[in-house]
Asker: 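Okay, here's the structure, questions in a sec.
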Amino acid sequence: MIRYSTEQVDAVLVSSLLNAGLLLLLGAALYAAPSALLNPGTVPFGVRVPPCRAEDPQIGAVRRQYRATVLWATAVATAAAAGLGALLDSVAAGLVTGMLLCALAAVLWLRAHRALAETKKREQWYAGLRQGAVADTSLRTDPVGVPWAWSVPSYLVIAATAAVGAAAYPELPDTLAVPTRTGEGTHYYEVATTFWTAFSPVFGQVVSTAAVLVLVAAMLRARPDLDAARPVAGAARHRRFLAACSRALLALCAVVDTMLLGLSAMVWSGERSTALLFAVVGIPALVTFGIVAGFVVRVGPGGQRLAEGPEDEATGLVQRDDDRYWHAGGLVYANGGDPAVLVPRRVGMGWTVNVGNPRALTGVIVVLVALGSAALATVGLLV
């Protein structure tokens, strides 16, 4: 008869729960993907529809079908991930099962996108409507400024991390213990102490903060998707949206920098408390979730939940049907005639790159290099 120690049973239970939790969170995100909380109301499943059709029963039917299938798939995937996690004692089961669930959700999304696009074309939803697009030139001549005051916390945290590291560096041991989470728990890997390994979290803070500032500056100059029916109110709301989004991004940057400060202090001091490690990582994660959730609920995609301007403004136009420029279920924008590099996303919140614009390639390379440098600097202790 095979006997298992208490530690082995605990490890198996933790692996099973981690896999199940991962799949439940992923399933919840995929279930909420077509929600109006995360997407503009007039582009369900990435298909542009007139405002008068935003609540059309056919859109609701497609959304319910997508969610029902995702719900059942999540239940099956969660059970499978939990069982395989207990059998293999690894979170790899959850990662593989999660990728399969994402692949299925992508297929369901594309099917829903195609169904709505065909329905719109067949029933001529835009027939008799005056289509148009508007622009606010003041966003170029008098753009929203970068809220530099909100970047000060990041500077202070970076300075504090560098100061603590400089004080601790002369007394550091020959090797540093770096915490790494695996399916078997938290393990510590020993790496040689050098200037680069000791201060790699500081480099990560600097590069990631600079990348966020570049992102904010680019976002403030990106082309808005203003409401053709109420352009004045839309422009005013877009300005408020940009200000709120910039502050949220810089606040998130400060939270990540604070987490890196905590991890650095643990590595430099040799502290191996699991509870402390969870606090250093978990508390910033909860704060991040709170910031993102608050932004989604109070601001919404494109600022659609912010207060609007005068109710009497009406041009009689509806937003131009530009589905021909959007591909892959409304995820990819390609328009060589549009000089904009960044455009508002149709799926989810934020911006996406106009891959039809040659200048976008340069921007993508710069962002990837910045993010890659930040990632390498952050995990530099491992190499």
Side-chain angles (χ1 to χ4, degrees), residues 32-67 108-136 139 222-241 296 299-335 337-338 340 342-352 354 356:
S35 170
L37 279 174
L38 303 175
N39 303 277
T42 56
V43 284
F45 291 99
V47 178
R48 174 79 69 185
V49 300
C52 60
R53 293 282 189 170
E55 302 297 330
D56 192 279
Q58 295 182 81
I59 296 177
V62 170
R63 186 180 289 119
R64 286 192 297 272
Q65 183 179 16
Y66 166 88
R67 285 178 166 172
L108 295 173
W109 184 280
L110 290 174
R111 187 175 69 177
H113 174 88
R114 189 178 302 111
L116 285 181
E118 292 175 353
T119 300
K120 182 182 76 170
K121 182 178 180 180
R122 182 178 62 254
E123 299 185 1
Q124 299 182 359
W125 284 5
Y126 273 92
L129 299 177
R130 294 175 57 210
Q131 302 179 43
V134 297
D136 181 8
L139 291 171
R223 174 175 64 78
D225 193 12
L226 300 180
D227 185 3
R230 305 182 62 197
V232 175
R237 183 172 61 183
H238 182 70
R239 285 180 173 274
R240 295 195 296 274
F241 168 70
V296 169
V299 178
Q304 67 181 19
R305 275 180 285 281
L306 294 173
E308 296 188 357
E311 295 291 338
D312 56 351
E313 181 191 5
T315 63
L317 300 175
V318 297
Q319 206 70 4
R320 181 181 56 190
D321 182 10
D322 55 354
D323 282 357
R324 64 187 181 279
Y325 299 123
W326 290 89
H327 312 277
L331 291 171
V332 178
Y333 180 74
N335 182 1
D338 187 348
L342 294 177
V343 296
R345 293 173 59 92
R346 278 197 170 184
V347 179
M349 301 178 64
W351 289 261
T352 189
N354 176 13

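Just so you know, residue 1 is the first one in the sequence shown, and it goes up from there. Since the structure is predicted, the reported quantities are computational estimates derived from the model, not experimental observations.
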Asker: Just do the side chain to side chain contact (heavy atoms under 4.5 Å, CB included) check on D136 and H238 with the steps written out, would you?
Answerer: CA-CA 10 Å; D136 181 8; H238 182 70; over 6 Å; no
Asker: Please round to the nearest 0.5 Å and tell me the distance separating atom CG of L108 and atom CD of Q65.
Answerer: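 CD of Q65 is found 8.5 Å from CG of L108.
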Asker: Are any non-hydrogen side-chain atoms of R239 and L139 less than 4.5 angstrom apart?
Answerer: yes
Asker: Of all heavy-atom pairs between P344 and P224, which one has the smallest distance, and what is that distance?
Answerer: CG-C, 4.1 Å
Asker: How long is the gap from CZ on R240 to CG on L306, to the nearest 0.5 Å?
Answerer: 6.0 Å
Asker: Measure the shortest side-chain to side-chain distance between V296 and L38 over non-hydrogen atoms and say whether it is less than 4.5 angstrom.
Answerer: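 Yes. Closest side-chain heavy atoms under 4.5 Å.
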Asker: Under a 4.0 Å threshold between the charged nitrogen and the carboxylate oxygen, would D227 count as salt-bridged to R237?
Answerer: no
Asker: When D321 is tested against each of K121, K120, R48 for side-chain hydrogen bond (donor to acceptor under 3.5 Å, both in side chains), which residue passes?
Answerer: K120
Asker: Under the rule for salt bridge (charged side-chain N to carboxylate O under 4.0 Å, His left out), what residues qualify as partners of R63, not counting sequence neighbours?
Answerer: none
Asker: Look only at the side chain of H327 and the backbone of V332, and say whether a donor-acceptor pair between them is shorter than 3.5 Å.
Answerer: no
Asker: With a 4.5 Å heavy-atom cut-off, do N39 and P44 have their side chains touching?
Answerer: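 Result no, sub-4.5 Å side-chain heavy-atom pair not found.
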Asker: Between the main-chain N or O of G329 and the side-chain N or O of W109, is there a donor-acceptor pair closer than 3.5 Å?
Answerer: yes
Asker: Does the plane of the ring in W326 sit parallel, tilted or perpendicular to the ring in Y333? Use 30° and 60° as the thresholds.
Answerer: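 The rings of W326 and Y333 sit tilted, inter-plane angle from 30° to 60°.
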Asker: Tell me, do Y126 and V318 make a side-chain contact under 4.5 Å, heavy atoms counted?
Answerer: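 Result yes, sub-4.5 Å side-chain heavy-atom pair found.
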Asker: Taking C-beta and beyond as the side chain, do D338 and R223 meet within less than 4.5 Å on heavy atoms?
Answerer: yes
Asker: Got more than 12 heavy atoms from elsewhere within 6.0 Å of CD, E55?
Answerer: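 No, not enclosed.
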Asker: Closer than 4.0 angstrom, basic N to acidic O: yes or no for R346 and D323?
Answerer: yes
Asker: Distance from R53 atom CZ to L116 atom CG, nearest 0.5 Å?
Answerer: 12.0 Å
Asker: Which heavy atom of P301 sits nearest to which heavy atom of P40, and what is that distance?
Answerer: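 In terms of heavy atoms, the two residues are closest at CG-N, 3.7 Å.
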Asker: Over all heavy atoms of both residues, which pair between R67 and P34 is shortest? Give the atoms and the distance, please.
Answerer: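 In terms of heavy atoms, the two residues are closest at NE-CG, 3.9 Å.
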Asker: On a heavy-atom basis, which atom in G41 and which in A54 lie closest, and how many Å separate them?
Answerer: O-CB, 3.7 Å
Asker: With a 4.5 Å heavy-atom cut-off, do W125 and C52 have their side chains touching?
Answerer: no
Asker: Without swapping roles, check the side chain of Q319 against the backbone of L226 for a donor-acceptor pair under 3.5 Å.
Answerer: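 Looks like yes, one N/O pair under 3.5 Å.
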Asker: Find the distance between CG (L331) and CG (L110) and round it off to the nearest 0.5 Å.
Answerer: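 It comes to 7.5 Å.
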